[in-house]
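Structure, as structure tokens:
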Protein chains: 2
Amino acid sequence: MSRTWNQYVVKQENKTLVLTTIMNHTPISRANVAKITGLNKGTVSSLVSELIDEKLVEESGPGKSSGGRRPVMLLFNGNAGYSISIELGVGYILGVITDLKGKIIEQDTIQLQTTHFNTIFPIMINLIKGLMEQVPKSRYGVIGIGVGVPAVVSRDGEILLAPNLNWKNVELKSKLENIFNLPVYIENEANAGAYGEMRYGSSQNSHHTIFASIGIGIGVGMILDGKLYHGLNGFAGELGHMTIEKDGKTCRCGNRGCWERYASEQAVIDEAIKRGLVTADQVEPFEQLIQLANDGNQAVIDLFEEIATYIAIGLTNCINIFNPEHVIIGNRLMRAKEWIYPIIESYILEHAIGFHQNKLKIDSAKLGTYSTISGMAAFTIEGFLLDQKRNHA
Amino acid sequence: MSRTWNQYVVKQENKTLVLTTIMNHTPISRANVAKITGLNKGTVSSLVSELIDEKLVEESGPGKSSGGRRPVMLLFNGNAGYSISIELGVGYILGVITDLKGKIIEQDTIQLQTTHFNTIFPIMINLIKGLMEQVPKSRYGVIGIGVGVPAVVSRDGEILLAPNLNWKNVELKSKLENIFNLPVYIENEANAGAYGEMRYGSSQNSHHTIFASIGIGIGVGMILDGKLYHGLNGFAGELGHMTIEKDGKTCRCGNRGCWERYASEQAVIDEAIKRGLVTADQVEPFEQLIQLANDGNQAVIDLFEEIATYIAIGLTNCINIFNPEHVIIGNRLMRAKEWIYPIIESYILEHAIGFHQNKLKIDSAKLGTYSTISGMAAFTIEGFLLDQKRNHA
DNA sequence: GGAGTTAGTTTAACAGGTAGACAAACAAAT
DNA sequence: ATTTGTTTGTCTACCTGTTAAACTAACTCC
């Protein structure tokens with residue numbers, strides 16, 4: 001509840017302040033760190049020497065002089081440890097190793113034919129084990145495991161509800177922690193995507209970002225005041241089930257007129273089948289449609305444009321609700337970007353309130369299909385650094 | 001940007017920690033403050049004695065012994081200063097004096113016939129001056145002025161857009177600061193309402209609260225992770241203009257199917273006139289309708305129930321978006337609570353996602369018509385205390 | 001009335017940050 | 001080649017505020 005402050009906290013905070021300054025400005029001299037942070041030069045010196053002892057920071061040769069003694073440049077050591085991140089999708093598992101800078105070192109994908117937990121779980125364990133063997137030797141080794149899932153996740157890492165996987169109440173975090181004895185982070189796929197884009201992607205420095213992950217369904221990750229928003233117990237961001245048409249199409253959630261019934265990959269496919277643009281037995285109907293649009297099929301392009309309008313309606317709602325600085329559209333539907341993006345942009349421009357007063361940017365995910373997994377890496381890395389901070393004086 | 005930590009900051013933080021502990025647990029002993037905060041007894045003693053010097057805390061006689069020396073009970077001194085809060089509505093100005101506990105000491109209302117800024121502003125100034133003369137003598141006197149407005153307010157207190165008043169780009173904060181030479185706080189009416197309910201009303205201790213102010217239009221104030229959410233530049237919370245019916249009724253915002261076209265006081269009135277339940281030249285049509293419903297007029301009750309469903313649709317969207325702990329419905333439409341509330345509750349229960357897993361409470365505003373003004377008082381008081389913290393070592 | 005408890009103050013020790021002095025290392029001007 | 005001035009990084013003396021522990025005060029209970 002209440003937090004007491006004393007000299008230890010002061011040191012912890014200043015030390016992480018120095019570390020993050022080095023991370024964000026690498027390479028940088030001690031003198032410059034002192035200038036940026038406002039800390040005394042001596043304080044910076046002593047904190048940096050501790051960070052060097054912990055192998056989180058290293059010195060690289062002398063930098064350029066600006067009319068005096070040449071500075072010793074400091075680097076954040078991205079190789080002090082490595083994170084393992086997993087993205088669990090419908091039909092695939094993607095696993096990667098990243099360094100502490102979030103850079104992907106190694107990756108591996110497995111296609112799945114089922115969504116059964118009992119089948120998938122062992123496959124995932126094997127994937128993780130395989131990755132762990134490839135992790136380079138380092139001071140801290142594997143610092144943690146992050147898993148992004150298309151699900152509602154509770155604050156303590158339990159999967160409460162994963163409609164597209166048909167999972168319910170799976171205690172994924174504790175299961176994995178028991179097996180690997182490492183810190184495990186579980187997060188919703190859209191939330192992780194939002195975080196990934198904020199840390200490594202197109203919305204760095206933006207404190208108000210809405211990340212709409214439009215795939216089979218729609219999930220929305222929200223960075224509000226610089227922090228990921230979860231709501232009371234992880235259900236926040238279910239904007240796919242926002243009503244945009246009262247008495248509209250029925251949805252499996254029990255409601256009617258839900259946004260994702262009009263604006264998702266599934267919505268595209270349903271409508272395409274209804275219009276005879278693809279057949280129901282097609283293996284990859286969405287890819288087929290992209291192909292057809294590429295070939296100039298006007299009926300398909302029209303369909304994309306209709307869907308785009310529905311996407312835009314929902315996004316306009318988001319903008320009116322959150323007044324974000326940045327709206328990012330990610331996941332598979334953006335493969336049809338060419339046809340849908342212009343429609344979305346012009347609709348929002350015309351319909352969002354006070355648009356002219358907002359410095360709103362609308363983008364597709366810069367990290368592409370790596371938004372989520374990068375976000376999971378970020379969670380894992382930041383969790384590790386937080387742990388260091390707490391344990392190491 | 002970056003915040004440095006040193007012993008002064010530690011003291012500031014601990015001092016406010018002690019103060020807020022006393023505020024929240026008043027009356028309380030030094031020993032108990034130490035226990036709750038985790039601070040050393042000696043530290044608490046010295047900080048308390050400073051707070052007593054500053055007249056923010058006072059000792060009240062000895063408390064009950066629990067088997068040893070009797071404690072000296074400490075009280076937060078609500079009378080060290082007073083705030084002045086104004087609610088600027090469509091058709092009225094409400095002004096109050098509150099003490100530092102947010103208790104209303106004095107109040108005054110003025111009915112308005114116009115919305116012209118040049119007419120209203122001098123009236124407001126006079127109202128404030130009148131209130132200032134009634135403020136009791138105290139250590140800090142009038143600590144600040146807070147004004148709640150039905151408008152989009154920028155972070156620096158400029159009224160960007162007030163559709164119901166027909167104002168645009170009014171620098172209210174600086175105007176008032178120049179006149180009174182006091183700290184001035186300007187905030188959107190729904191935001192202030194949300195804050196008021198969190199501080200003094202029905203959602204105390206709730207960190208995720210949605211406050212829907214349903215009057216002529218709809219504004220929503222959002223407490224997310226314990227903090228009021230503004231968005232990038234104050235436009236957040238324009239949920240009144242969330243599309244709930246694609247291609248629905250046109251709205252003055254330029255959009256179609258906006259929530260407030262279906263679920264506000266104006267929507268009730270429009271529909272009632274259309275159905276011949278009241279005439280267009282009625283002075284207080286909404287009051288008239290309440291009266292009719294009270295008299296058992298079924299057509300009016302039916303109308304309220306229809307409107308309630310629309311309110312519920314929008315609120316369900318809010319719940320799916322924010323996963324709040326608490327949804328509060330405030331402002332004038334709740335005068336028809338008797339007929340609309342049961343409908344709202346049952347609709348949400350049936351349609352919100354994962355409702356059973358959420359410990360969601362739905363309430364009407366406990367502070368009634370004082371939500372907004374109490375919120376403004378809270379802003380002013382907290383701003384004052386923050387200032388004290390910064391200036392007074 | 002003594003033993004045990006609880007409340008609040010005082011004291012010395014300690015940790016960590018700051019200011020400022022200092023040496024080292026360099027650029028630019030003479 | 002010197003001289004001058006600047007920048008970097010370390011070191012020392014000092015200061016602030018928290019803590020632990022001793023201590024005084026005041027009370028309850030047997």
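Numbered from 1 within each chain, the chains take letters A, B, ... in sequence-line order. Basis for what follows: all heavy atoms, side chains included, without hydrogens, waters or symmetry-related copies.
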Hey, is the side chain of B:N14 poking within less than 4.0 Å of OP1 or OP2 on D:dT18, counting only N and O atoms? yes

Considering heavy-atom distances to DNA chain D, does B:T43 or A:S46 have its closest nucleotide positioned more toward the 5' end? A:S46

Parallel, tilted or perpendicular: which fits the ring planes of B:Y229 and A:H208, with parallel below 30° and perpendicular above 60°? tilted

Considering residues at least two apart in sequence or located in another chain, which fulfil the salt bridge (charged side-chain N to carboxylate O under 4.0 Å, His left out) criterion with [X]?
X: A:K173; answer: A:E177
X: B:E106; answer: none
X: B:E382; answer: B:R199

With A:S29, which residues qualify under side chain to side chain donor-acceptor pair (under 3.5 Å), at least two apart? none

Contacts of type side chain to side chain donor-acceptor pair (under 3.5 Å), residue B:N191, not counting sequence neighbours: B:E187

Is there a donor and acceptor pair, one atom on the side chain of A:K41 and one on the base of D:dG9, closer than 3.5 Å? yes

Quickly work out the [X] [atom1] to [N] [atom2] distance and round it to whole Å.
X: A:L39; N: D:dT8; atom1: CG; atom2: P; answer: 16 Å
X: B:Q12; N: D:dT18; atom1: CD; atom2: C1'; answer: 16 Å
X: B:L74; N: C:dA7; atom1: CG; atom2: P; answer: 12 Å
X: A:N32; N: D:dT8; atom1: CG; atom2: C1'; answer: 11 Å
X: B:K11; N: D:dT19; atom1: NZ; atom2: P; answer: 13 Å
X: B:Y8; N: C:dG16; atom1: OH; atom2: P; answer: 17 Å
X: A:L47; N: C:dA15; atom1: CG; atom2: P; answer: 16 Å
X: A:E59; N: D:dT8; atom1: CD; atom2: P; answer: 15 Å

Which of C:dG16, C:dA7, D:dT18 is nearest the side chain of B:V10? It is D:dT18

Determine the contact category for B:N6: base if any of its heavy atoms lies under 4.0 Å from a base atom, sugar-phosphate if only primed atoms, P, OP1 or OP2 are that close, otherwise nothing. sugar-phosphate

What does A:S29 touch in the nucleic acid at a heavy-atom separation under 4.0 angstrom: a base, only the sugar-phosphate, or nothing? sugar-phosphate

For a quick check, with a 4.0 angstrom heavy-atom cut-off, what is the B/S/- contact string for nucleotides 25-30 of chain C, read 5' to 3'? BBS---

Residue closer to the 5' end of DNA chain C, B:V72 versus A:N40 (nearest nucleotide): B:V72

Heavy-atom neighbours of A:N178 CG exceed 12 at 6.0 Å: yes

